[in-house]
**Q** 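Before we start, here is the structure in question, set down as structure tokens.
We name chains A, B, ... by the order of the sequence lines, and we start the count at 1 in each one.
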Amino acid sequence: MNLQAKPGRGDTASATPGLKADTETVVVRFAGDSGDGVQLLGGQFAQETALAGNSLATFPDFPAEIRAPTGTTYGVSAFQINFGSRVVKTAGDQPDVLVALNPAALKVNLSLVRKGGLVILDSGAFKEKDIKRAGFNQDPRTDGTLKEYRVIEIDISAQALEVAKPFGVSQKEALRTKNLWTLGLVSWMYDREMASTQSYVARKFGEDDPVGKANAAALKAGHAYGETHEISGDISPAHFPSVKFEPGTYRLVSGAEALSWGLVAGAQLAGLELLLSSYPITPSSPILHNLAKLKQFGVSTFQAEDEIAACCAAIGASFGGKLGITASSGPGIALKTEAIGLAISTELPLVIVDTQRAGPSTGLPTKTEQSDLFIAVWGRNGDAPVPVIASRAPGDCYEVAIEAVRLATKYMTPVILLSDGYIANAAEPWKIPSIKDHAPFPVTFRTDAEGYQVYNRDPKTLARAWVKPGTPGMMHRIGGIEKDSVTGNISYEAANHQKMTDTRFAKIDGIANDIPEQTVEVGDTKGKLAVVGWGSTFGPINRAVHNMRAKGLDVSHIHIRHIWPLPRNLEALLKSYDKVLVAEMNNGQMLTLLRSQYVIDAKGLLKVSGQPLKIAEVENAIRAQLDA
Amino acid sequence: MNVQTPPEKLTAKDFASDQEVRWCPGCGDYAILKAVQMALANIGSRPENTVFVSGIGCSSRFPYYMATYGFHTIHGRAPAVATGLKLARPELDVWVVTGDGDALSIGGNHLFHVLRRNVDVNILLFNNEIYGLTKGQFSPTSRVGLKSPSTPAGSVDSPANACHFALGANARFIARGIDIQAKELGELFARAHAHKGASFVELIQNCIVYNDGVFDDFVSKEFAAERQVHVKHGQPMIYGKAKNKGLRINTQTLTLEAVTIGENGVTEKDILVHDEKNRTLALLLSGLRPPEFPEVLGVIYCDPAPSYETSVQAQDAQARAKGAGDLDKLMRAGNTWSVT
């Protein structure tokens, strides 16, 4: 067979009349035990695929447990990649190919695979006890479970052990080369150059390390197996020509990387050093790890004792004249809320990054969701407005981080930046920007003591002046207790509290005049239906709207970056459609926000499964809306 | 509103803001405020380089009365805010003002970590053994049996010893003083300021409204001389009106004994000499409580170690010694490809 995709998948136009059956993209899902190195396998394959000039999107899907008991279904780790010779916008609705390194991986992932798709199994891992442990009553290879799929069985375990033998490594180390053997095979299947993986192995282990040599040999052996063994008669390598990207230098980037670099860029554009103050939490921690390595960029990092301290230390740094940043995820954001209120009241710049995960409470730490919109916009005691912005894709995190820094420093306010677990871990080809692409927005610290009052405000932005401690003649006191609207002294006066509350709102509302008007991603600025999204649902909504428009349906895609304040034209824009459908991975938070702000009868496509939205789900919802 | 360019030699008044002090008449906080202002003038601190950071509670209003920079933060979190400030601006003199509820209850975690890390801040813990601002509930330092609005039958909570907490957190400077002893407080504040690293000062402070007289068993005129020992490094720990009482170590039980010179064969040579670098001694001393023992006052422990922000700065400087980072270069490192 040919490994290229068959029609019928979600991320294709195959069901669309007038377009040829799509064989330009393919979705591969690697799955195995959480100790099998599946994420490394997927990450390296994505790297090879990117270097081949294909478009791609990845979806690492792993459990919260680091190493669950071997062979259990809850210990299965997976990595999905959608790639090909046309622009890919999602990690794909349905895998065309599943590589299952043990029975549990097959058990968990088989139902996702397109009927007629290819399943590659490590038969060496299908011993009776492994099969039982995965929850199969009988061997799924012989009981008809796989009858609707093409199946290739290879004893990958035995192959890996054999290849590793000459290097004198332990049985355990030898077996762990399974992932690279598999990568070799899949690299052959898709005509990939393996140089980037080879240099990765050399870098990681060193040239002379026997384990490194065993891994390098496994990679080669997997590739050679494809070339020379019996499967060559059954499948042939598929080649996907490179995509016509716009000119530039590209790399693969994850959301966490792009966000970290965007924060550095933002601080540089503001002319500030930054302190990232965080507490370890999934899936936010990579931001702390990334920035900890960037001290030469005027970055300091502080791993605080808890989420509250992390936020408070960032506020302390901002009081001192650095840019304070704290990054966390849902449970941590909940803990920071009182401190965020302090930054609102004292009007200090602060960036709060929330890499959302499924909640409530601990929820599903490694699974994605968009359910922190309410806590970001409204989740504080008192009337406490803050700007909230959301990133839509890994590379977009860079731009959004810069925007967060710009707003925080220009308006002397905390800003909440919403990312999510999917964006943070997923990777995509990214046209590498330059810091020079943005006009600098340097911060001016006030040093002129003449007439200085704490709540003197810039008449345009309503921001108060930022004064560094250490500046002579400008000693002042700030705090969370209500302050006189001019002097900053404690004030319990009724009219003053009204005025301060109104001013805090006016300042944040005024940001609507300093952000772009809402545009339409796909489609017309009026019509029958607008699908509104925000954050990481961009890919599936965008592809679905494209597909439906190709079928002649009157539907548009609107994607909101600035969640609070909302773009000034959004109300009029939404009201120019007969219907509005809000697609989001929560139980209706943006939906409620838009309904309350604009009194529109918007409907929701709401999903909280810990999994990204699928294109087919959006397509079905569009059809349902237009048919109704 | 602010003090204009200060004269070269500052006085206590130069450190007082124009805000009317709003503590209850007779509150011990007044005396501490005066002592701090006096100490800063004597030390030669500059108001513009001094920052007072506080949490929530009566004592935490302190920054508003100082003509320095100040930050009245949220309940219990002053140490965390101060840590961030000190990381951003290591050159500033940062003082943390907190109370027994703020520091040892809601903020216990942060107090532990600011001490453990040894951030160079001076922490003044006003201990009045009560929640004053919320109208008189028992606090983590209140004694067992204290009747309060939330413990009408008497508190059954075992109280925390603030100095023991600090020692447990590996604090390198621990001192204790009494609100009304201005001269001694001045010396303590000067020592705390001079100490590089976290300095922890427990201030015995009388709440005249909700816990009046709770320290009378060693603070009142009647008992002061007989139940207070002011310790000094290198000097024997002698106290009492007649200077005939002292602390002796029982090497069999590893405990301290309050003894009288001239009784039971005790001579001055038996009296233990204070060694502020001895952590074990510090633990013993700060655990003594009247009436069986004197309250131990003064610098109980001082054994400097590198401060946190200095170590952080050193790492940052080392990274920056190789030159400033180039973001465009960083983003282009590793596997990239060109599209033309």
Side-chain angles (χ1 to χ4, degrees), chain A residues 47 50-51 53 196 245-252 261 264-265 268 275 277 294-298 300 302 304-306 308-309 312-317 319-322 324 338-339 342 432-436 449 452-453 468-481 487 489-490, chain B residues 1-5 17 19 22 46-49 51-54 56 61 63-64 66-75 77 79-89 91-92 109-110 112-113 312 315-316 318-320 322-325 327-328 330-332 334-340:
Chain A
Q47 191 67 252
L51 291 171
S196 64
F245 287 113
E246 60 175 287
T249 305
Y250 284 76
R251 67 173 297 140
L252 267 192
W261 296 337
V264 173
Q268 292 194 347
L275 175 75
S277 170
L294 300 182
K295 295 188 167 77
Q296 67 275 31
F297 290 87
S300 300
F302 174 54
E305 59 268 28
D306 63 25
I308 298 171
C312 286
I315 292 169
F319 178 57
K322 279 198 183 186
E338 187 194 10
L342 177 68
I432 307 172
S434 166
I435 181 102
K436 296 177 197 81
Y452 170 70
Q453 302 277 10
K468 277 189 204 176
T471 311
M474 299 184 77
M475 287 75 76
H476 64 275
R477 276 66 57 190
I478 58 172
I481 199 164
T487 63
N489 293 323
I490 296 174
Chain B
M1 59 167 280
N2 287 307
V3 176
Q4 296 305 309
T5 316
S17 77
Q19 295 297 292
R22 296 189 194 181
R46 304 299 304 181
E48 66 269 25
N49 294 333
V51 187
F52 279 82
V53 182
S54 65
I56 294 292
R61 297 295 179 92
Y64 293 118
M66 298 296 296
T68 61
Y69 284 91
F71 200 163
H72 179 212
T73 71
I74 47 178
H75 208 4
R77 321 301 174 197
V81 173
T83 299
L85 174 62
K86 197 70 188 175
L87 282 172
R89 302 289 304 284
E91 76 280 13
L92 294 173
N109 192 28
H110 310 302
F112 176 80
H113 292 283
V312 171
Q315 277 196 352
D316 288 358
Q318 197 180 12
R320 289 164 198 172
K322 296 168 210 150
L327 189 62
D328 281 2
L330 174 76
M331 294 192 289
R332 283 162 182 76
N335 289 318
T336 64
W337 67 97
S338 287
V339 176
T340 51

**Q** Which one, A:P472, A:P433, A:A50, leads in non-hydrogen pairs under 4.5 Å with chain B?
**A** A:A50

**Q** Using heavy-atom distances under 4.5 Å, tell me whether B:T340 contacts chain A through its side chain, its backbone, both, or neither.
**A** backbone

**Q** What part of B:A324 lies closer than 4.5 angstrom to a heavy atom of chain A: side chain, backbone, both or neither?
**A** both

**Q** So which part of B:V312 gets closer than 4.5 Å to some heavy atom of chain A, the side chain, the backbone, both or neither?
**A** neither

**Q** Locate the shortest heavy-atom distance separating A:G470 from B:N49; write the atom from each residue and the value.
**A** CA-OD1, 3.6 Å

**Q** Just give me the residue among A:L252, A:I315, A:T471, A:L294 that pairs up with chain B most often, heavy atom to heavy atom, under 4.5 Å.
**A** A:T471

**Q** At a heavy-atom separation under 4.5 Å, does B:L327 approach chain A through its side chain, its backbone, both, or neither?
**A** both

**Q** Closer than 3.5 angstrom, by distance alone: can the side chain of B:Y69 be matched with the main-chain N or O of A:I478 as a donor-acceptor pair?
**A** no

**Q** Under a 4.5 Å cut-off applied to non-hydrogen side-chain atoms, are B:H113 and A:D306 in contact?
**A** no

**Q** Out of curiosity, A:W261 CH2 to B:D328 CG, how far, rounded to the nearest 0.5 Å?
**A** 11.5 Å

**Q** Name the member of A:V264, A:I481, A:L275 that forms the most heavy-atom pairs with chain B at distances under 4.5 Å.
**A** A:I481

**Q** Do side-chain atoms of B:N335 reach the backbone of A:Q47 as a donor and acceptor pair under 3.5 angstrom?
**A** no

**Q** Specify which of A:C312, A:G479, A:G320, A:P247 makes the most heavy-atom pairs with chain B at under 4.5 Å.
**A** A:C312

**Q** What part of B:L330 is in contact with chain A, defined as an atom under 4.5 angstrom from a non-hydrogen atom: side chain, backbone, both or neither?
**A** both

**Q** Taking the inter-plane angle between the rings of A:Y250 and B:W337 on a 0 to 90° scale, is it parallel (under 30°), tilted (30 to 60°) or perpendicular (over 60°)?
**A** parallel

**Q** If I compare all heavy atoms of B:Q19 with all of A:N489, which pair ends up nearest, and what's the gap?
**A** NE2-ND2, 3.0 Å

**Q** Looking at B:I56, B:L87, B:V53, which has the largest count of heavy-atom pairs under 4.5 Å with chain A?
**A** B:L87

**Q** Locate the shortest heavy-atom distance separating B:D316 from A:S300; write the atom from each residue and the value.
**A** OD2-OG, 2.7 Å

**Q** So which heavy atom on B:A319 is nearest to which on A:K295, and how close?
**A** CB-CB, 3.5 Å

**Q** Would you say B:R89's side chain and A:A317's backbone share a donor-acceptor pair under 3.5 angstrom?
**A** no

**Q** For B:T336, is there any backbone N or O sitting under 3.5 Å from a side-chain donor or acceptor partner on A:R251?
**A** no

**Q** Heavy atoms only, distances under 4.5 angstrom: which of B:H110, B:R22, B:R77 has the most pairs with chain A? Name it, please.
**A** B:H110

**Q** With a 4.5 angstrom heavy-atom cut-off, which part of A:E246 approaches chain B: side chain, backbone, both or neither?
**A** backbone

**Q** Would you mind telling me which of B:T73, B:V51, B:N109, B:T83 has the largest number of heavy-atom pairs within less than 4.5 Å of chain A?
**A** B:N109

**Q** Please answer whether the main-chain N or O of B:M66 pairs with a side-chain N or O of A:R477 as donor and acceptor at a distance below 3.5 Å.
**A** yes

**Q** What are the two closest heavy atoms between A:Q296 and B:R320, and how far apart are they?
**A** CA-CG, 3.7 Å

**Q** Against chain A, label B:E91 side chain, backbone, both or neither, depending on which of its atoms sit under 4.5 Å from a heavy atom there.
**A** neither

**Q** So which of A:S196, A:A339, A:A314, A:G316 has the biggest tally of heavy-atom pairs under 4.5 Å with chain B?
**A** A:G316

**Q** If the condition is side chain to side chain donor-acceptor pair (under 3.5 Å), which residues does B:Y64 pass it with, not counting sequence neighbours?
**A** A:K483, B:H72

**Q** Only pairs of heavy atoms separated by less than 4.5 Å count here; which of B:S338, B:P79, B:G323 has the most with chain A?
**A** B:S338

